[in-house]
Each structure stands twice: as C-alpha cells, then as structure tokens.
S.K.: 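Pasting a structure here, questions to come.
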Amino acid sequence: MLFAKIWSQIKRLWLLIIIAILTGLTVAACNPSNFKTNAAQVPQLVTSILSDPKTFNFALSSESPNIFGLTYEGLITESYETGKVEPALAESWQISEDKLKIVFTLRDNLKWSDGQPLTVDDVVFTYNDIYLNEAIPTDARDGMRIGESRKLPTVRKIDNRRVEFSVPEPFAPFLRSATGYPILPAHALRESVTTKDQEGKPKFLSKWSVDTPPDQLIVNGPFKLERYDTSQRIVFRRNPYYWRKDSQGKAQPYIERIIWQIVESTDTSLLQFRSGGLDTVGVSPEYFSLLKVQEDQGNFKIYNGGPGSGTTFVLFNLNKGSRDGKPLIDPIKSRWFNTVEFRQAVAYAIDRQTMINNTFRGLGQPQNSPISVQSPYYLSPQEGLKVYNYNIDKAKQLLLKAGFKYNEKNQLIDSQGNNVRFTLLTNAGNKIREAVGSQIKRDLSKIGIIVDFTPLAWNTYTDKLSNTLDWEASLLGLTGGLEPNDGANVWSPEGGLHMFNQKPQAGQKSITGWEVAPWEAKIGELYIKAARELDEPKRKAIYADTQRITQENLPFIYLVNAYSMSAVRNRFEGIKYSGLGGAFWNIHEIKIVD
C-alpha cells in the first residue's frame, strides 16, 4: 500500500499492516495444516498475507507486506493500549531542557540474532551510515527532516551504552518518531555501505534481497526469518537472543513459530480459517455476519476496534513531468486531473453511504481526513472540515463550470471534444477494494465519465505507483496513527510517498517539468511548522489547516473508514485488541493455552 516509516509509525504501519494484515488479508493456496501436522507440539501462529515481500532490507522497503514488524525493534516503541511511548532497546532516555537533545541509555547485554553484541555503535551506524546517508534511498529520512532547511538530526556516541540525538531546532515528534526506527547490524551491513558496485552505488542497495538465505539475515526483533518459499509461505522462528523477559524472568515471545501463508484471495483466507487452517483472519464487512454466528462453534472471537486508523482513497496522477521526452500522463488527461473542480466533482459523484451500506455492510463510516480519527489532531466535520456528500447535481455543475460539457449521448467531454475516460487501478485479490472500484465505475458513469477499472497484481501495481509512474488514477490505502508527522513523507513534495505528484527518488530516472502546486507546497510548509510547534493547541490548529487544504484540493478523495475487526482463535491468551495495532501488536506477550 503500501508505506511512510517512523518506527512508532512502523509499529502502526508494519504491525498494523503485517500482523494485523497478519490477521489476514489473504492465505496460501497450499494447506497450512501440513506444517501444523509436522510440528503440532510447537506453539505457533498461522496466518496469511496478500503477496510476496519485495525486500528483506528494511531501509529499502516502502511496501507491505514485509517482515520488519516481527524482526526488528528500535530504541523506543509505542503501546497501543495506552498510546504512550515505551522503552525498547533503550531502557531509558533524558530530554534536555531546550528540547534539542535526547540521550538514550541502551539495555545491558543486548544481542543480535546471531549472538553478536548489539551496541551503541550499531545505533550510530544505523542512523549515520544508513538513514541519514543521502546515497541510500530510504523513506525513513523524510520523517526526520526538520524545518524549512530540511536539516537532519545528528547522532553521536557518548560511551558504550549512551547515544545522543540532536536537532537544530525544536521538533515536536522528536521522541515518538525520529528515534524509533529499527536498529540495524553494523557487523553485517557496514561493508555493503562502504563499498560500491560497478555503477558507483553502495552495494547496500542490493543487500538482503528476497533471494538472501534466511540464516544470513541478522535481526533484533522477537522473531527471525527461518524459511521463505516464494508465493507459498514465510516462516518465522522465535529469536533466542531477543531481550524481553516476563515478570518471572521467562524469555519472550512465548510463541515459537509464526507462519504466513501467501495467496491472492481473501475468499481463500476465509475458507482456510473456517476449516481450521488459519489461527486468525481479518474480518471484512462481507464476512462479518457469516463468521459472527460461528464464533462458539469455531472456538474463536471477533474483535472490533471501531474505525480503523487507516484511510482508503482515490487519487489522480497530478504529475505534469516527462521522462525520456514523453509525458508521464497524456496531457489531455493531465489537464482534467489538475483541475480542482474535476476532482471535487468526482468526490461528489461517489456515493459513500451506499458503499458503506452495501460493500461494508454498515460496518464503517465516511472518511474525510488524512489524519486518523483516533489522533488528537483529527479535525471532524462538526469542527468545520469540508465533506463531499453524494450530490450528482453539484458534481455536474462543477464540471460545467470547469468547461466540460455533455454530448448527445450524455457522455462527458472536455472543451476540446475529448471523451472523459481514464483507467482506475487497484490491487487484485482485495475483495473490498474490487467492490469499491466497481461501484466508483458505476457512480462516475452517472456524470458521464467512463472508468476502466483494472485490478493488478500487488508488485505490478506498486511498481507503477512508485517507480514507472505511468498510471492515471488509483484506489489505494495508507495506515495512520496518533502522530501526523509520521505522514510527513506523504505531504512533503519531496517525500517518498508523495504519490499523487511523485518526484523521482534516488536511483530512479529523472523527470523534467515536475511542478508543485501552491496548495501542495503550503501543506508541506504547514507540516514543517507543526513539527516545530511545541504548544499543543497551536499544533492542533496547524494540522487543522492542513486538513482543510487537503479537503478543498483533494489530492486524495477519501472514501470509507471500515471498522478494524479480526477473528482470533480462543487458544491465544493476552490479546489486547486495538484499532491502531490490531490483534497481535503485543506479540511478545501472547501465549497459546492449548
């Protein structure tokens, strides 16, 4: 989806997408009971993911599914029970009075999954040599840029257990966001960062691909990769060197093995769960009624965390640039997409209430903001946020105002007589998105727009969005959380997830003629201003302004916020279900009580 990368966000983004996707977007074509039979005595969790991962290198990942929510930790983490920042690899920290420095003290005797010591040197290496290294194209860097200058923090070793982070000016998300990225192993990766390939690029850029043997991946999280069978399954084994222990001194996690089955159909995942092949599955609205009546018989419980933290939206490719002398988008269509009245008309023409009633079975609510409803910075419609309730007449009025007209067949044409027609992409296999896309196609036909709705395989889809950039319109989603700055790389025009007008990232072909609209630049400026503001009411007011601008200009046309629901077998003890983190955000605490 795919996604932004601060480890407090990562715990939202990856544990929400991975372990809560882990709670089941799809499941493998092969029966997981084969694994369970071979090792029934092993405490394990069997679940499903949508598609194969694209990399095992955290710094180079911007997609889901990925393995990192299980395999890595940072200095701090976030509790989805309390919403508070909690110690992880660092046992404590101290913030200076001027708010410009944080000194972390690492836990004693930390180790990597190969038994090697995890030290302050690893922390300094991870930040200075990878995340802050401009030669490495990582989304992590976007979330740490500070102020108009876009300066980055500095990181230095104080002694064998203490490390200091410094920022050039006050940065409100400093603790929760910038210091929470996964720590990576210097002894396994340093050489690949310092040596170059034939093109003069760090060999790190090809390090730890999905072809890497699992025993070569060095991690510090609760689990390590044991096996990867392409398009079939990913198997994780408990990391024996993981640092956590319970109050009785027993090593965590308690679960010995996690198996992710890989297929491309949510229908298959439902069948696997109902037959006992999966331990957990995400409950989409279409499955809720069917599963609810089977809770007792199937020995499972459906958890409902209320509105999810994520967003689902339609976006148009607003990029006016060219690559190799060819426009990324047909100039005729680019003019439509870059007309705000066109985007507003599309928003008014989508019947979100019917979408909720039919596709979501009433188990959702309209989404109007890029900021999660759980966040204290969320601006509600009652507080003045603009909404686009279904209104065909208003949609047509906006189109006529913008110079569009209707022909004798009641088809929409532009001022030059071109029929308005575009392709809408999404990821195949996600039944909800496929249903949403089909409804959008029908809805827009009522205002004379022809939509070619085209679901694609996940990797093909994300390659178009983030690399080739040859797409017209897309149906996509992003996860969210409490801290808006975790989405800074979405709203910064230079950001790695600024997908509606994507600037080429490091290592990609250049684009000529890339432009940033004034409203687009304003949002980026406000995100910088909000990150600098330490007064909470003032900070909230700034984020309110960003939400007003996004809803006026509609870089994303927000749709429906489904309820966050998962079905989990009753044999799992310690579930603390959260709309932010899903069922298994506290994976280290969960026990199997068979």
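All heavy atoms count here, side chains included; hydrogens, waters and symmetry mates do not. Numbers here are sequence positions counted from 1.
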S.K.: For the residue pair Trp471 and Phe422, is the inter-centroid distance of their aromatic rings smaller than 6.0 Å?
M.R.: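 Not under 6.0 Å, so no.
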
S.K.: Using the test side chain to side chain donor-acceptor pair (under 3.5 Å), find all partners of Gln353 that sit at least two apart in sequence or belong to another chain.
M.R.: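 Counting only residues at least two positions away or on another chain, Gln353 forms a side chain to side chain donor-acceptor pair (under 3.5 Å) with Asn357.
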
S.K.: Determine, stepwise, if the pair Phe404 / Phe342 fulfils ring-ring contact (aromatic ring centres under 6.0 Å, His included).
M.R.: CA-CA 9 Å; Phe404 294 88; Phe342 178 85; 5.7 Å; yes

S.K.: Report the relative orientation of the aromatic rings in Phe313 and Phe556; use parallel for angles under 30°, tilted for 30 to 60°, perpendicular for over 60°.
M.R.: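 Answer is tilted, since the angle falls between 30° and 60°.
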
S.K.: Apply side chain to side chain donor-acceptor pair (under 3.5 Å) to residues Ser284 and Arg361 and explain how you reach the verdict.
M.R.: CA-CA 9 Å; Ser284 63; Arg361 308 297 199 271; over 6 Å; no

S.K.: Who pairs with Lys386 by side chain to side chain donor-acceptor pair (under 3.5 Å), at least two apart in sequence or on another chain?
M.R.: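 Residues passing side chain to side chain donor-acceptor pair (under 3.5 Å) with Lys386: Glu552.
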
S.K.: Is there a donor-acceptor pair under 3.5 Å between the side chain of Arg442 and the backbone N or O of Gly437?
M.R.: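 No: the side chain of Arg442 does not pair with the backbone of Gly437.
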
S.K.: Regarding Lys396 and Asp393, does a basic nitrogen lie under 4.0 Å from an acidic carboxylate oxygen?
M.R.: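 The answer is no: the pair does not qualify as a salt bridge.
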
S.K.: Closer than 4.0 angstrom, basic N to acidic O: yes or no for Glu483 and Arg539?
M.R.: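 Arg539 and Glu483: salt-bridged.
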
S.K.: For Arg352 and Asn368, run side chain to side chain donor-acceptor pair (under 3.5 Å): C-alpha distance rounded to whole Å, both residues' side-chain angles, the deciding distance at 0.1 Å, then the answer.
M.R.: CA-CA 11 Å; Arg352 295 187 297 164; Asn368 298 294; 3.0 Å; yes

S.K.: If I take atom CE from residue Met355 and atom OH from residue Tyr390, how far apart are they, to the nearest 0.5 angstrom?
M.R.: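 It is 11.0 Å, given to the nearest 0.5 Å.
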
S.K.: Salt-bridge test for Glu286 and Lys431: reply yes if a basic N is under 4.0 Å from a carboxylate O, no otherwise.
M.R.: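 No.
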
S.K.: From Glu383 CD over to Arg548 CZ, what is the distance, rounded to the nearest 0.5 angstrom?
M.R.: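 One gets 9.0 Å once the value is rounded to the nearest 0.5 Å.
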
S.K.: Below 4.5 Å, heavy atoms only, C-beta onward: do Trp585 and Ser578 meet side chain to side chain?
M.R.: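 Yes - at least one pair of side-chain heavy atoms lies under 4.5 Å apart.
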
S.K.: Using ring centroids (six-membered ring only for Trp), state whether Phe500 and Phe316 fall under 6.0 Å.
M.R.: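 Distance test on ring centres: not under 6.0 Å, no.
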
S.K.: Run the numbers on Gln261 and Ser269 for side chain to side chain contact (heavy atoms under 4.5 Å, CB included), then give the verdict.
M.R.: CA-CA 9 Å; Gln261 300 291 349; Ser269 74; over 6 Å; no

S.K.: Say whether Thr468 and Asp470, considering side chains only, have a donor N or O and an acceptor N or O under 3.5 Å apart.
M.R.: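 Checked: Thr468/Asp470 side chains pair up, N/O donor to acceptor below 3.5 Å.
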
S.K.: Side chains of Tyr80 and Gln374: any donor to acceptor distance under 3.5 Å?
M.R.: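 Checked: Gln374/Tyr80 side chains show no N/O donor-acceptor pair below 3.5 Å.
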
S.K.: Under 6.0 Å between the ring centres of Phe300 and Phe273?
M.R.: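 That pair passes the under 6.0 Å test.
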
S.K.: Between Asn501 and Trp514, do the side chains contain an N or O donor and an N or O acceptor separated by less than 3.5 Å?
M.R.: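 Asn501 vs Trp514: donor-acceptor pair found between side chains.
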
S.K.: Residues in side chain to side chain donor-acceptor pair (under 3.5 Å) with Ser334, at least two apart?
M.R.: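 Side chain to side chain donor-acceptor pair (under 3.5 Å) list for Ser334, sorted by chain: Asn338.
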
S.K.: State the OH-CG distance between Tyr558 and Leu385, to the nearest 0.5 angstrom.
M.R.: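 Tyr558 atom OH to Leu385 atom CG measures 10.0 Å (nearest 0.5 Å).
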
S.K.: Is it true that Glu589 and Lys576 make a salt bridge, defined as a side-chain N closer than 4.0 Å to a carboxylate O?
M.R.: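 Yes, Glu589 and Lys576 are salt-bridged.
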
S.K.: Does the ring centre of Tyr181 sit less than 6.0 Å away from the ring centre of Tyr72?
M.R.: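 For Tyr72 and Tyr181, the ring centres are not under 6.0 Å apart.
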
S.K.: Kindly indicate whether the side chain of Glu472, heavy atoms from C-beta on, has any atom under 4.5 Å from the side chain of Asn317.
M.R.: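 No, too far: nothing below the 4.5 Å cut-off.
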
S.K.: Students often mix this up, so state it plainly: with edges at 30° and 60°, are the rings of Phe171 and Phe174 parallel, tilted or perpendicular?
M.R.: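 Tilted.
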
